[in-house]
Every structure is written in C-alpha cells, then in structure tokens.
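What you are looking at is a predicted structure, and each value in this text was computed from that prediction instead of being measured. Note that the numbering runs from 1 along the sequence shown for the chain. Atom set for the values below is all heavy atoms of this structure, side chains included, hydrogens, waters and symmetry mates excluded.
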Amino acid sequence: MSHRKTQLDIRGMSCATCSQSITESVEGLAGVSDASINYATDEGTVEYDPDEVSLSAIYAAVDDAGYEAVSASTSIGITDMTCSNCAETNQQALEDVPGVISAEVNYATDEANVEYNPAETDHEQLYGAIENAGYSPVRDDGSEDSEQDQRDAAREGEIRHQLRLTLFGAALSLPLIAFMVEKLLLGGGALPETIFGVEFGWVEFLLATPVQIVLGKPFYENAYKALVKNRTANMDVLIALGSSTAYLYSVVVLLGLLAGSLYFDTAALILVFITLGNYLEARSKGQAGEALQQLLEMEADTATVVDEAGNEEEIPLEDVAVGDRMKVRPGEQIPTDGTVVDGQSAVDESMVTGESVPVEKEEGDEVVGSTINENGVLTVEATKVGSDTALQQIVQTVKEAQSRQPDIQNLADRISSYFVPIVIANALLWGVVWYLFPETFAGFVNWLPLWGLVAGGPAVAGGTVSVFEFAVVVFASAVLIACPCALGLATPAATMVGTSIGAKNGVLFKGGDVLERAKDVDTVVFDKTGTLTEGEMELTNVVPLDGHHATDGGSETVADGGTQAVSGGAEPTTDTIDEETVLRAAASAESGSEHPLAQAIVEGAEERGIDLDAPENFENVPGHGVRATVDDEEVLVGNRKLMRDNGIDPSVATEELERLEGEGKTAMLVARGDTLLGLIADADTVKESAKEAVAALRERDVSVHMITGDNERTAEAVAEEVGIDPTSVRAGVLPEDKSDALNDIQQGGRKAMMVGDGVNDAPALATAYVGTAIGSGTDVAIEAADVTLMRDDPLDVVKAIRISDGTLQKIKQNLFWALGYNTAMIPLASLGLLQPVLAAAAMAFSSVSVLSNSLLFRRYTPDHDYELLDFLR
C-alpha cells in the first residue's frame with residue numbers, strides 16, 4: 001500500500017466548524033488515512049493512497065463540503081507525438097506527477113491541459129514528466145513572446161523539419177523507384193548489373209542507408225523510448241519494425257549470407273512516405289487551428305487613450321488599464337471591452353457573434369474588444385482588459401472544448417491501446433504461417449483476382465522467391481499497413497473544427513463532450529423573459545378601480561398614453577381613484593426593486609411626470625410581488641396570491657386581469673392599506689426569430705417547452721405567438737422551482753436543453769442534459785451552462801444542435817475510414833497481397849485523409865442541417 005501526502009490551500013472557511021466539515025468530508029473517502037484542516041492558516045494536509053483514491057476525488061470532497069481547494073491550470077505544447085498512443089503515454093506520465101489533479105493530452109492539437117495543485121507541483125515538474133516519457137514540451141522560455149507564439153513557432157519549425165527530411169529522402173529514393181519498377185513490372189534484368197563498375201545492390205545500399213539513418217532515426221528513437229521506457233507500443237514501433245526488417249534483410253542478402261532479393265528501395269520509400277505523411281499531417285493540424293489564430297490576430301495592437309484634459313496618446317494594447325478612456329475613429333478596431341461614454345456609431349460585431357448586420361451603439365452601451373467601429377467617433381471606457389476580454393474568453397473556451405473530447409473518443413482510445421500489440425502479433429503469425437505452409441496458403445488464395453498483382457504470390461508458388469523471403473515481405477507489410485494515428489485523429493480533428501465553426505457563429509461549447517451531447521437533445525425548454533422575448537419591459541396599461549370595484553365607464557391608460565373606456569363591474573364608491581393615484585403608489589413601492597417589471601413601472605411614471613415617494617421597509621416577495629411602506633401606508637404590488645395572503649380580495653379585478661393577460665401582458669394588482677387601487681400591466685416584445693426557431697426545432701422532431709414565472713394566460717399568449725403548444729407551457733414557476741420543473745420534463749428519459757439568461761435560470765441550466773445560456777445573460781448563468789450563445793437570438797439554439805450533429809457525423813465518417821481502412825488492408829497484407837512500400841504509402845495516406853476530411857468540414861455553415869456533400873457548396 002503506497003502513501004502520498006498533499007498540501008491544500010483552502011478558501012471559504014470562516015470558523016473551526018468549517019475545517020471540521022472539510023475534514024469529515026475528505027476522511028470519508030476510501031483511501032484517505034488522515035486529513036488535517038487548519039482554519040487559522042487556511043491550509044490542509046491529506047494523507048492518502050493514490051491507488052485507492054485520486055487527488056481529483058479529494059478536491060471534489062472539499063467542493064462537496066462547500067469550500068474550494070486552490071488549483072491552477074496550464075496548457076503545454078508537445079511537439080513530437082506521432083499517434084494517439086503517444087498522447088496516452090504523456091497523459092499517464094502527467095497524471096502520475098504528485099499534485100496533478102487531472103490531465104488531458106490531445107494528439108490533434110499537440111498539447112496537454114493540466115489541472116494541478118500549485119502547492120505541490122509546478123511547471124518544471126510537468127515539463128520533466130513529459131521529457132521522462134520521451135517527448136518534448138514547449139517550455140516557457142521567459143521571453144516576451146507569448147506561450148502561444150512559442151507553440152506556433154515550434155509547430156512551424158516541426159513543419160519545416162519534416163519538409164526537409166521528406167525532400168532529402170525523396171532525392172535519394174528517386175533512383176530506387178526505377179529499380180523497384182524494373183523488378184515489379186519487368187521482372188528484373190532490364191537494367192545493367194553495374195553502374196561505373198559498382199554492383200546495383202551496393203548502389204541501392206549507398207542510396208538507402210543515409211535515408212535509413214536520417215529519416216529513420218526519430219522513429220527508432222521513439223520506438224526505443226516507447227518499448228523500453230514506457231513499456232508500450234506506438235506507431236513508431238510499427239514503422240521501425242517494417243523499415244528495419246526490409247533494410248536488414250537486404251543487407252544480409254547483399255553480404256551473401258542468404259539467397260533472395262534486395263528490398264533497399266522498399267526500406268527507403270517506407271520512411272519517405274511516412275515522413276511525407278507526417279509533414280502533411282503537421283500542416284493539416286495547423287490549418288485546423290487557424291480559426292482560433294485568426295480570432296487572436298483580430299486584436300488591435302494599440303489604443304488611443306484620452307486623458308482628462310483631452311490629450312490623446314497611442315499606447316500598446318497590453319498597457320491599457322480598466323477605467324482608461326479610448327477614442328475609436330471610423331474603421332478602427334475597438335481595442336478592448338468597454339462602455340461607450342460619448343458618441344454614436346454602428347459597430348461590426350460579426351467576428352464575435354457571427355451577426356453580419358452592424359449594431360448601433362450610443363452612450364451607455366457595451367462594446368466588445370476587436371469589433372470594428374463603422375462610422376461615428378466613439379469614446380469608450382475600458383471595463384475588461386487582457387485575458388478578461390470577451391475575445392480572449394472565447395478563445396479560452398474553445399481551447400478547453402477541444403481538450404475535452406467526446407465520449408466516442410473513448411472507443412477509439414480503447415481500440416488504439418490494444419491495436420499495435422495485436423498488429424505485431426498478427427504480422428508474426430502470418431509471417432510464420434507463410435513460412436511453414438507456403439504451398440497450402442498459396443493454393444488457398446490463388447484464385448483471388450488481386451493475387452500477384454501487387455505482391456509475389458505466383459513467384460512463391462512457382463519457386464522463384466524463397467519462402468523465407470516472402471514470409472519477411474508479409475511480416476513487413478502487415479505491420480506497416482496498420483495505422484493507429486488515423487484512428488487517434490478521427491475524433492479530435494473533427495472536434496477541433498466543430499468547436500471553431502461554433503465560435504465563428506457565436507456558439508461556444510464548453511467541451512467536446514457537450515458538442516457530442518447536443519445532437520441528442522429531443523426537448524428544448526425556453527425560459528420566456530429575455531430568451532423568447534426581448535426582456536425589455538414597458539408599462540402599457542394603468543387601470544384604476546374605485547373602492548375595490550372596477551370602474552363603471554372609467555378609463556385606462558394604454559401604451560400610447562391615451563385613454564379608452566373600461567367596461568364595468570359594480571357601482572363605484574364615493575372615493576374616486578384615478579390613474580395617477582394607482583401609478584404613483586405602484587411606482588413608489590417598486591422604486592426599491594431592480595426587477596425588469598419594476599423598472600418599467602418606475603420609468604413609465606417618470607415619463608408621465610409623476611413625482612415618486614421614497615419607499616420604506618421594502619420587501620421583495622419572490623414569485624409574488626413587492627411590499628413597501630409609502631407615506632406611512634403599506635403598498636402591495638403583485639399577483640392574486642399576494643393580495644389574498646394580505647386579506648385583500650382580488651376577484652373584483654378578475655375580468656380586467658384576464659383581458660390583459662390574454663393579450664400577453666404581465667398584469668399586477670396594486671393595493672394600499674386594505675384598499676385595492678387598480679391594475680398596472682407591462683408587456684415584453686417577442687423576438688423576431690423566436691417563431692422561426694420553434695418551427696425549425698419542430699422540423700427536427702424536437703419537443704419545445706416554455707417555463708416562466710408569469711401567470712398562465714400571459715404565458716399561453718406568448719406561447720401561441722411563437723408556436724409552442726399551450727400544453728407544453730409551465731407558468732407561475734418560482735425561481736427556485738425551475739430546476740424541479742425541468743426534472744419533471746426530463747422524466748421518462750427525455751434529454752432536455754434548457755435555454756435561459758438569468759441568475760434564477762442557473763440551477764435549471766445545471767440540471768439540464770445540456771444547459772444553454774443566451775448571450776445577453778448574466779455571468780452566473782453562463783458559468784452554469786454547457787453552451788453559451790453570444791447573441792440573444794433563439795435561432796442560435798438550432799445552430800448549436802446543427803453544429804453538434806454535423807460534427808458527430810464527421811467524427812463517424814473519420815472513424816469509418818480509419819477502421820474500414822484497417823479492416824480491409826490488414827487481411828490483404830496478411831495474405832501477401834500487398835508490397836511493404838505500398839502498405840507504407842497507404843498508412844501515411846490514411847492519416848492525411850482523416851485530417852483532410854475534417855478540414856472539409858470548415859466550409860459548413862449552420863444555416864442548414866449538415867449534409868455529406870456540404871463541402872461542395
């Protein structure tokens with residue numbers, strides 16, 4: 001039993017009871033032998049058995065207790081991985097470092113994302129783990145260049161290196177191709193036996209040996225590290241086996257120790273084709289990540305800062321601080337996120353939201369850094385700088401999404417982990433079988449149409465090629481034809497492109513796992529206010545009631561400020577109540593609230609020139625309304641239940657309430673003391689695209705629901721307008737009950753996407769199969785969500801599902817080609833139907849084809865469902 005001790009920095013403790021709660025939570029884990037939490041120092045020490053419990057489980061236990069154990073995250077570039085097995089080796093090496101909470105290594109992006117305990121480990125230890133595994137991390141060298149710049153430079157250097165190797169190998173191998181053609185197609189004897197007195201065999205040796213040394217060196221080194229240091233087998237092992245088998249066999253024949261043919265040409269061309277494939281693969285990986293790089297390149301380099309005296313100074317972007325005021329002229333980029341303090345203009349936000357139509361901005365409006373000012377001059381006060389800007393957050397979110405792979409990747413990883421050993425075993429088996437039973441198997445496959453076209457079958461059967469030689473050919477072909485790198489690239493390459501498409505269209509997925517889940521959504525649940533509607537309430541109606549009764553022939557204020565007759569109820573009392581009385585009481589009470597409904601009432605009163613009184617003893621009654629003291633009298637503004645709970649009968653206003661609610665308005669009762677003064681109503685405009693979004697979801701056979709705190713009639717009116725079935729509407733749902741309502745909808749196995757924008761939507765977003773925060777939403781909602789929509793357009797919900805569906809189709813295409821290729825080619829090689837050099841070429845082509853297929857997906861736009869031939873559009 002092994003033991004490990006870790007030191008934790010813990011936040012959120014306020015007393016000794018807190019430390020005791022954490023201790024109990026952590027010590028409750030199997031494998032934890034001791035936990036000591038010190039409230040005075042905000043630290044804790046935990047002794048545990050890493051074979052029984054992980055550090056991530058300990059962190060989760062602290063979190064479950066309601067506190068936070070400090071962690072840090074980093075991304076490390078790795079330049080020399082050649083297949084998914086390499087990624088798995090690096091991941092295991094990082095996870096074995098004491099203090100590492102979790103590690104994910106992505107072969108497609110050539111990087112590791114590590115969460116670790118900064119009190120226990122640091123970057124140097126992480127770099128060391130990668131190096132000890134036999135790979136090269138991109139170190140932060142302390143220069144002015146950013147880490148991303150260093151990675152880009154490393155990748156460009158790798159591309160150039162692979163190109164140089166390819167050209168070197170190709171130059172020496174070109175003459176060997178002539179020898180190969182002469183042997184395969186002409187049967188030998190067509191070329192002279194010597195060149196300048198040197199036998200052809202030695203000429204081939206002289207040409208192939210430098211290729212073997214220079215191009216083969218990295219494969220042999222990596223194969224040694226994999227087998228000896230990491231006790232695993234990767235693609236380099238297969239290449240080293242295949243190439244060295246052909247080369248060493250040829251050397252033995254050349255020295256006259258064994259009779260047979262020479263395969264120097266095969267040995268050299270294997271390495272040339274594989275190196276060419278590595279070059280094309282490195283280029284393709286760079287192209288797959290171009291979308292993020294293009295986003296980063298959109299950042300302004302400088303900003304024109306204006307001081308209090310009006311003096312302007314151009315400074316580097318990194319020197320801009322929160323609170324600085326920047327002047328942005330027409331055609332310039334807005335340097336960083338901020339608020340317009342002067343000026344008016346249209347701003348092109350397409351690079352952030354995907355929306356091509358410029359957005360009008362004026363004083364008080366928020367702007368996003370790197371967007372383009374179209375016409376007027378703006379003065380912008382910086383609110384977020386550096387890594388806090390929207391653009392940097394988008395890039396970070398997409399990077400994190402690319403590091404979190406879909407669950408389907410687990411299938412590919414499981415296959416890859418067993419793939420190379422099985423391939424080597426298969427190659428040995430068939431090499432031995434062909435050696436021991438050549439006549440039997442030659443007769444068995446002799447009828448095949450391909451027999452002899454690309455291998456030496458008839459020659460074996462006719463006795464012109466030795467049995468041992470043909471067994472060697474079969475072995476080399478069988479190990480070379482298998483390609484775990486194609487399998488390893490299938491998922492991450494498509495995920496990288498899919499998340500980039502999302503970012504370009506204002507749809508941010510938090511992970512590849514989310515990207516995978518979104519396509520399976522069969523139910524979409526919209527919050528009403530701010531999601532299907534604009535969320536900008538406006539006072540539309542004021543209806544006075546006389547002495548608890550509806551007025552008989554009175555009037556009500558409508559949206560345009562005019563009046564209209566009000567049909568009546570009972571006889572009015574002698575106390576006449578007018579519109580101003582109702583509105584003054586309601587607006588004075590609501591002036592203590594920040595709710596959109598309250599703000600609309602207050603703004604409506606101010607527009608009518610009504611002086612408001614300051615409320616006292618203000619109380620918000622969640623889900624029902626507000627209570628406040630105005631001029632020494634209690635004023636209530638809210639729904640029927642609020643009135644009943646306070647001894648006021650709302651039934652006399654039923655007719656007016658139902659009429660206003662039937663028009664899709666939010667109607668509220670207003671009472672002062674024990675008197676019902678009247679009603680006021682706010683209305684919210686339905687978003688233009690809401691109806692189109694609901695229709696598009698229904699076309700995909702997705703059930704659409706709506707949850708709202710509004711009353712049933714108002715909710716049903718909005719639902720009817722956008723096309724949602726009234727039976728799929730849940731009205732009057734309190735904020736704390738939204739997650740319960742969502743759970744009810746998800747009963748029976750439904751997979752629901754919850755779409756909301758407010759703080760009170762956060763629990764429901766976390767509960768949903770896929771939580772989606774609409775872009776105008778709060779930071780809390782966005783943090784709880786799996787998908788963030790940068791625009792407040794419900795049609796982007798459909799785009800998110802389409803991108804998910806398209807990406808998973810692309811992943812399945814890649815897996816089909818990778819697995820189908822191996823399924824078809826390994827038997828051909830095992831049956832002796834494939835020359836080793838052709839097997840190597842096919843192996844290199846398979847990886848490039850998977851990446852190329854993923855890159856074609858970049859042309860897809862989520863304005864329609866993904867189709868197989870979308871790359872032709």
Legend entry - Straight-line distance of K504 NZ to I501 CD1, nearest 0.5 Å: 7.0 Å
Inset, instruction - Decide yes or no for L262 and F205: does some side-chain heavy atom of the first lie under 4.5 Å from some side-chain heavy atom of the second? - result: no
Inset, instruction - Decide yes or no on side chain to side chain contact (heavy atoms under 4.5 Å, CB included) for L828 and M825, but give the supporting numbers first. - result: CA-CA 5 Å; L828 290 180; M825 292 296 185; 4.1 Å; yes
Inset, instruction - Answer whether the closest heavy-atom distance between the side chains of V211 and L207 falls below 4.5 Å. - result: no
Inset, instruction - Specify the closest pair of heavy atoms between G242 and I270, including all atoms of both residues, with the distance to one decimal. - result: O-CD1, 4.1 Å
Inset, instruction - Identify the residue among N106, I811, L808 that makes a side chain to side chain contact (heavy atoms under 4.5 Å, CB included) with T491. - result: I811
Legend entry - OG1-CD1 distance between T79 and I130, expressed to the nearest 0.5 angstrom: 10.0 Å
Inset, instruction - Could you check if a side-chain atom of P316 sits within less than 4.5 angstrom of a side-chain atom of D301, using non-hydrogen atoms only? - result: no
Inset, instruction - Output the distance between atom CD1 (I239) and atom CZ (F219), rounded to the nearest 0.5 Å. - result: 4.5 Å
Legend entry - Gap between atom CD1 of I481 and atom CD1 of I826 - 0.5 Å precision: 8.0 Å
Legend entry - Non-hydrogen atoms of V479 and A427 that approach each other most closely: CG1-CB, 3.3 Å
Inset, instruction - Go through the steps for V138 and I78 under the test side chain to side chain contact (heavy atoms under 4.5 Å, CB included), then give the verdict. - result: CA-CA 6 Å; V138 179; I78 304 175; over 6 Å; no
Inset, instruction - May I ask you to check whether Y135 and K225 show a side-chain donor-acceptor distance below 3.5 Å? - result: no
Inset, instruction - Could I get the full list of salt bridge (charged side-chain N to carboxylate O under 4.0 Å, His left out) partners for K812, not counting sequence neighbours? - result: none
Inset, instruction - Go through the structure and list residues passing side chain to side chain donor-acceptor pair (under 3.5 Å) with Y279, not counting sequence neighbours. - result: none
Legend entry - Contact check, side chains of I803 and Y866, non-hydrogen atoms, under 4.5 Å: no
Inset, instruction - Let me see the working for R139 and H123 under side chain to side chain contact (heavy atoms under 4.5 Å, CB included), right down to the final yes or no. - result: CA-CA 9 Å; R139 290 174 173 267; H123 279 69; over 6 Å; no
Legend entry - All side chain to side chain donor-acceptor pair (under 3.5 Å) counterparts of S830, not counting sequence neighbours: N426
Legend entry - Over 12 foreign heavy atoms within 6.0 Å of OH, Y220: yes
Legend entry - Spatial distance of atom CG (D96) from atom CD (Q91) [nearest 0.5 Å]: 10.5 Å
Legend entry - Aromatic ring pairing Y860/F857, orientation class (parallel under 30°, perpendicular over 60°, tilted between): parallel
Inset, instruction - May I ask you to test the M81-E88 pair for a side-chain heavy-atom distance under 4.5 Å? - result: no
Inset, instruction - Taking Q125 for its side chain and D122 for its backbone only, find out whether a donor-acceptor pair lies under 3.5 Å. - result: yes
Inset, instruction - Mark yes or no for whether S250, through its side chain, and Y263, through its backbone, hold a donor-acceptor pair below 3.5 Å. - result: yes
Legend entry - Y247: ring-ring contact (aromatic ring centres under 6.0 Å, His included) partners, not counting sequence neighbours: F264
Legend entry - Distance-minimising heavy-atom pair for G134 and D80: O-OD2, 4.3 Å
Inset, instruction - Only counting residues at least two apart or in another chain, list the ones meeting side chain to side chain donor-acceptor pair (under 3.5 Å) with S854. - result: N814
Inset, instruction - Measure from the side-chain N and O atoms of S477 to the backbone N and O of V474, and report whether any donor-acceptor pair falls under 3.5 Å. - result: no
Legend entry - Flag, side chain of N853 to backbone of S849, donor-acceptor distance under 3.5 Å: no
Legend entry - Shortest non-hydrogen contact between N222 and D236, atoms and distance: CB-OD2, 3.2 Å
Could you give the side-chain donor-acceptor pairs of residues 160-169 under 3.5 Å, partners two or more places apart or in another chain?
{"residue": "Q162", "atom": "NE2", "partner": "E158", "partner atom": "OE2", "Å": "2.8"}
{"residue": "T166", "atom": "OG1", "partner": "Q162", "partner atom": "O", "Å": "2.7"}

Inset, instruction - Please name the pair of heavy atoms, one in A478 and one in V423, separated by the smallest distance, quoted to 0.1 Å. - result: O-CG1, 3.6 Å
Inset, instruction - Enter the distance from T245:OG1 to F475:CZ here, rounded to the nearest 0.5 Å. - result: 4.5 Å
Legend entry - Validation row: L126, V100 side chains within 4.5 angstrom (heavy atoms): yes
Inset, instruction - Please assess Q212 against S243 for the test side chain to side chain donor-acceptor pair (under 3.5 Å), listing each intermediate value before the final yes or no. - result: CA-CA 8 Å; Q212 198 71 25; S243 178; 3.0 Å; yes
Inset, instruction - Over all heavy atoms of both residues, which pair between V272 and A170 is shortest? Give the atoms and the distance, please. - result: CG2-N, 4.1 Å
Inset, instruction - Could you walk me through whether N113 and E111 pass side chain to side chain contact (heavy atoms under 4.5 Å, CB included), step by step? - result: CA-CA 7 Å; N113 289 280; E111 65 182 6; 3.9 Å; yes
